[in-house]
Amino acid sequence: MTVRTRFAPSPTGFLHVGGARTALFSYLFARRHGGEFVLRIEDTDLERSTAASVNAILEGMNWLGLDYDEGPFYQTERFERYNAVIDELLERGLAYRCDCPKDRLERVRDMQMAAKQKPRYDGHCRSRQVDPAQPHVVRFRNPVDGVVVVEDLIRGRIPFANEELDDLVLRRSDGSPTYNLTVVVDDADMGISHVIRGDDHVNNTPRQMNILTALGYQPPRYAHVPMILGADGMRLSKRHGAVSVVAYRDLGYLPEALINYLVRLGWSHGDQEIFSLDELIELFDITDVNKSASTFNTDKLDWLNQHYIQHADAKRIARLLSPHLGHLDIDPSTGPDPVAVVEAQAARAKTLVELADISAFCYADFDDYEPTAAKKHLRPVAREPLQRVRAELDMLALADWQDAGLHRVVERVAEALGVAMGKVAQPLRVAVVGRAASPGIDVTLRLVGKAATLRRIDRALAFIDARAAQS
RNA sequence: GCUCCCUUCGUCUAGUGGUUAGGACGUCGGCCUCUCACGCCGGUAACAGGGGUUCGAAUCCCCUAGGGAGCGCCA
């Protein structure tokens, strides 16, 4: 059997991390088994579906690199087919028309709740002849006895008694088909062999299997993946911070980091933590996914992101960094090659946003010194080291403005003054960077360049004098 | 309320009758060192509770507790 999986989001918002993970699992499972992955947009809810959401979902999938073999298919373009199926069901007596008014449905529901029963349609119209010309919905005639067994690839065997299931609506009174009908028809028509979806759908599965069976189809295999929780144990939502996939991109995360993080949420391969997409395609199997929900943990995502920033090709990172520098009003062409900056800074940043922030000093003079750094290092004692280092740097030829030469200058000044290297390097660092943290002082000076270095040392000396005069 | 599901360090997980219960993130300590990181070394920390089954249970069974999902003319 050829494996065919699908991702079937409804376009009512952005692609969020939970959806991205089920899409990833579906994608990996298909790739792993040499099958196909199809994308289907479930836009039958005309009220809430938007084109903007469709674009956002496509954008998210594209960024993550989850390419699909077929689609996107749109359910709104298949209404004719759905209605034909519903009519067929009606003809064969497997579905019936129902004109129960809303208030009746509510009354039944309230009575059932009061009697401590599960609220469900009572089958009032099952044997009535409702006039097709009058407003009505079409309901599925669910079997009244027996059990439906879901053989879930993740959960195992889950039996449902048919008496627990009621007659769900297949076609609304406005003539549009409902979700449970459309998925079933699409999964059958599209030859989906494995339905991988969130476990909020487990309770729908027996109903869908019943419809499939009534239609004469063999139900696909199902795998319900557990959901992702926020730090408070509640279902992950906007109030837990970023949930949309593209938001992570904008926050400076790499797609491979998010993929790696998401796949490890509920799945593992021994003690391995780092996985490339190719490795995942080779190793992933849906049956290895855990049954329990897991908590989204930004710390670990950060660690992975830093790992990937550090180990990815510096040229690529430099390219991805450019828009983030742009947000800081920095034009990379006005300073050192961004690739050199990335090589120097990659180990220091958890995100591209952070990388841009700590690298801004390479391109532009900073506004203010970081207060505690200035307080600690830009003191009168630093005046002489700064003056001497400035003099030496001034004499250094532009051609010698390289790590080795710069290192020697700082070292020589420290020796001449009979002080530790830090007594020279730290004031110099604060003078040039504005804060007490940066790459090695030689690398830092190299990136800043001669002119800016001298200019900033002068500014620091003036700062020290002004401060001394003040006290 | 009813149906279904879940339960190993704070978090993600390994583990499928016999392990000092392993790894990772975080955290703490140390090394490296011109700073911050990186890297390296080390510490901390878990089988929800109770009954069984068994010579022996994190692993099998039952109960309890806790958590979650679903119960729409939403998907």
Side-chain angles (χ1 to χ4, degrees), chain A residues 8-12 42-45 47-49 75 98 100 102 105 109 112-121 135-139 150 152 155-156 158-161 163-166 168-174 176-180 182-183 198-206 224 226-227 229 231 233-235 261 264-274 290-304 306-307 310 345-350 358 373 377 407 410-411 414 420-430 433 435-442 444:
Chain A
S10 57
T12 55
E42 307 212 323
D43 54 354
T44 53
D45 184 347
E47 302 280 300
R48 298 194 299 154
S49 298
Q75 292 192 320
C98 164
C100 289
K102 252 205 174 102
L105 261 20
R109 194 189 148 83
Q112 288 166 331
M113 290 287 262
K116 303 194 173 198
Q117 288 174 333
K118 181 182 193 166
R120 43 142 101 74
Y121 182 63
H136 67 275
V137 299
V138 174
R139 289 183 183 273
V150 179
D152 194 281
R155 308 294 170 119
I158 311 172
F160 289 87
E163 55 179 354
E164 293 297 333
L165 278 23
D166 63 357
L168 65 245
V169 172
L170 261 25
R171 180 157 63 202
R172 302 183 184 92
S173 46
D174 69 359
S176 65
T178 62
Y179 165 77
N180 279 297
T182 59
V183 231
D199 74 357
D200 47 338
H201 285 288
V202 275
N203 293 286
N204 285 325
T205 305
H224 290 95
M227 39 180 237
L229 274 22
M234 294 287 110
R235 185 190 198 126
Y261 178 71
R264 281 286 287 102
L265 228 43
W267 178 85
S268 63
H269 179 71
D271 287 341
Q272 189 170 345
E273 294 288 348
I274 305 295
N290 281 171
K291 300 173 186 197
S292 55
S294 34
T295 307
F296 194 89
N297 181 246
T298 308
D299 282 337
K300 187 148 184 183
L301 207 211
D302 283 349
W303 174 73
L304 280 165
Q306 178 168 64
H307 171 90
Q310 203 175 163
Q345 294 278 45
R348 293 177 172 74
K350 290 180 164 64
I358 62 172
H377 299 292
H407 186 82
V410 177
E411 209 170 38
M421 181 112 161
K423 297 288 184 202
V424 181
Q426 277 307 85
L428 182 54
R429 171 172 282 114
V430 176
V433 179
R435 30 184 146 180
S438 82
I441 194 66
D442 45 359
T444 299

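Every chain is numbered from 1 and lettered A, B, ... according to where its sequence line falls, protein lines coming before strand lines.
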Look at all strands and tell whether A/Arg120 reaches a base, only sugar-phosphate, or nothing, counting heavy atoms closer than 4.0 Å. nothing
Evaluate the side-chain hydrogen bond (donor to acceptor under 3.5 Å, both in side chains) criterion for residues A/Asp174 and A/Ser176: first the C-alpha distance (whole Å), next the side-chain angles of each, then the deciding distance (0.1 Å), finally the verdict. CA-CA 6 Å; A/Asp174 69 359; A/Ser176 65; 2.7 Å; yes
With A/Asp200 via salt bridge (charged side-chain N to carboxylate O under 4.0 Å, His left out) - residues at least two apart: A/Arg235
With the side chain of A/Gln426 defined as its heavy atoms from C-beta on, choose the nearest nucleotide among B/C4, B/U35, B/C38. B/U35
Considering only side-chain heavy atoms of A/Gln306, which listed nucleotide, B/C38, B/C34, B/G23, is closest? B/C38
Mind checking A/Ile158 for me? I need base, sugar-phosphate or nothing, with any heavy atom below 4.0 Å counting as a touch. sugar-phosphate
Can a donor-acceptor pair under 3.5 Å be found between the side-chain atoms of A/Arg155 and the base atoms of B/C5? no
Under 3.5 Å donor-acceptor pair, A/Glu273 side-chain atoms to B/G23 base atoms: yes
Taking the nucleotide of RNA chain B with the closest heavy atom to each, which residue, A/Leu301 or A/Ala437, is nearer the 5' end? A/Leu301
For B/C12, take OP1 and OP2 only and decide whether either is under 4.0 Å from a side-chain N or O of A/Thr295. yes
Which word best sums up how the rings of A/His269 and A/Trp267 line up, parallel for under 30°, tilted for 30 to 60°, or perpendicular for over 60°? parallel
Within the structure shown, what part of the strands sits under 4.0 Å from A/Val202 by heavy-atom distance: base, sugar-phosphate, or nothing? nothing
At less than 4.0 Å, is any side-chain N or O atom of A/Thr44 found next to OP1 or OP2 of B/A75? Yes or no. yes
Report the nucleotide, chosen from B/C34, B/A75, B/G23, that has the shortest atom-to-atom distance to any side-chain atom of A/Thr178. B/A75
Which part of the nucleic acid, if any, lies within contact of A/Thr444, taking any heavy atom under 4.0 Å across all strands shown: a base, the sugar-phosphate backbone alone, or nothing? nothing
Give one of base, sugar-phosphate or nothing for A/Arg171, where a contact means two heavy atoms less than 4.0 Å apart. nothing
At under 4.0 Å between heavy atoms, what does A/Gly440 touch on the DNA or RNA strands: base, sugar-phosphate, or nothing? base
Name the residue closer to the 5' end of RNA chain B, choosing between A/Gln310 and A/Trp267 according to the nucleotide with the nearest heavy atom. A/Trp267
Residues that A/Glu42 engages under salt bridge (charged side-chain N to carboxylate O under 4.0 Å, His left out), provided they are two or more places apart: A/Arg40
Could you please name the option among B/C6, B/C71, B/G23 that lies closest to any side-chain atom of A/Lys118? B/C71
OP1 or OP2 of B/A14 less than 4.0 angstrom from a side-chain nitrogen or oxygen of A/Asn290, does that happen here? yes
Close side-chain approach of A/Asn204 to A/Asn180, heavy-atom, < 4.5 Å: yes
Please determine whether a side-chain nitrogen or oxygen atom of A/Ser438 lies at a distance below 4.0 Å from atom OP1 or OP2 of B/U35. no
